[in-house]
Amino acid sequence: MTSIEHAIAELVAVQVAAAEKRILESLSVSTDQTLTFSEACNYLSMSEYTLRKLVKSKSIPHRVHGAEGSKNPRYLFSSISLDRWKRDEEARNYRPIGGI
């Protein structure tokens with residue numbers, strides 16, 4: 001390898017390492033947001049009926065705010081938990097073509 005080729009390879013390696021670091025940093029900086037019931041419906045692109053059914057069956061991660069037995073509890077959701085739940089649901093509902 002000539003000195004020019006070596007210099008180019010070193011420069012490319014430095015640039016690739018810097019780009020990789022930026023990508024990893026941007027992926028690891030997930031901001032968690034607390035979502036209300038209607039915001040969670042929009043976030044998940046589902047109807048209020050469907051989300052309420054999932055909440056009642058405790059099939060989706062959520063927090064309940066309100067007095068025990070309240071007729072109007074307030075449901076709150078974590079965006080990170082919902083993202084994890086979506087990934088788990090997709091994995092559970094996926095069946096490879098060869099696995100039929």
Besides Met1, the hydrophobic cluster formed by Ile, Leu, Val, Met, Phe, Trp and Tyr side chains linked at under 4.5 Å, directly or via other members, contains none
Quick note, salt bridge (charged side-chain N to carboxylate O under 4.0 Å, His left out) partners involving residues 49-63, not counting sequence neighbours, are none
### Message
Around atom NE2 of His6, are there more than 12 heavy atoms from other residues, nucleotides or ligands closer than 6.0 Å?
### Response
no
NE2 of His65 to CG of Leu76, rounded to nearest 0.5 Å, is 4.5 Å
Shortest non-hydrogen pair, Ser59 vs Ser57, comes out as OG-OG, 2.7 Å
Besides Leu11, the hydrophobic cluster formed by Ile, Leu, Val, Met, Phe, Trp and Tyr side chains linked at under 4.5 Å, directly or via other members, contains none
Cluster membership besides Met46, Ile/Leu/Val/Met/Phe/Trp/Tyr side chains within less than 4.5 angstrom, sorted by chain and number, is Leu35, Phe37, Tyr43, Leu44, Leu51, Leu54, Val55, Ile60, Val64, Tyr75, Phe77, Leu82, Trp85
Between the NZ atom in Lys86 and the OG atom in Ser45, the distance rounded to the nearest 0.5 Å is 7.5 Å
Taken in chain and number order and not counting sequence neighbours, the residues that satisfy side-chain hydrogen bond (donor to acceptor under 3.5 Å, both in side chains) with Gln33 are none
Task: Glu39 side chain reached by Asn42 side chain, heavy atoms, under 4.5 Å - done: no
Is there a donor-acceptor contact under 3.5 Å from the side chain of Asp32 to the main chain of Ser78? no
Asp83 versus Arg87: any side-chain heavy-atom pair under 4.5 Å?
-> yes
Treating Gln15 as the side-chain partner and Val12 as the backbone partner, does any N or O pair qualify as donor plus acceptor under 3.5 Å? no
Sorted by chain and number, sequence neighbours left out, side-chain hydrogen bond (donor to acceptor under 3.5 Å, both in side chains) with Ser47 holds for Thr50
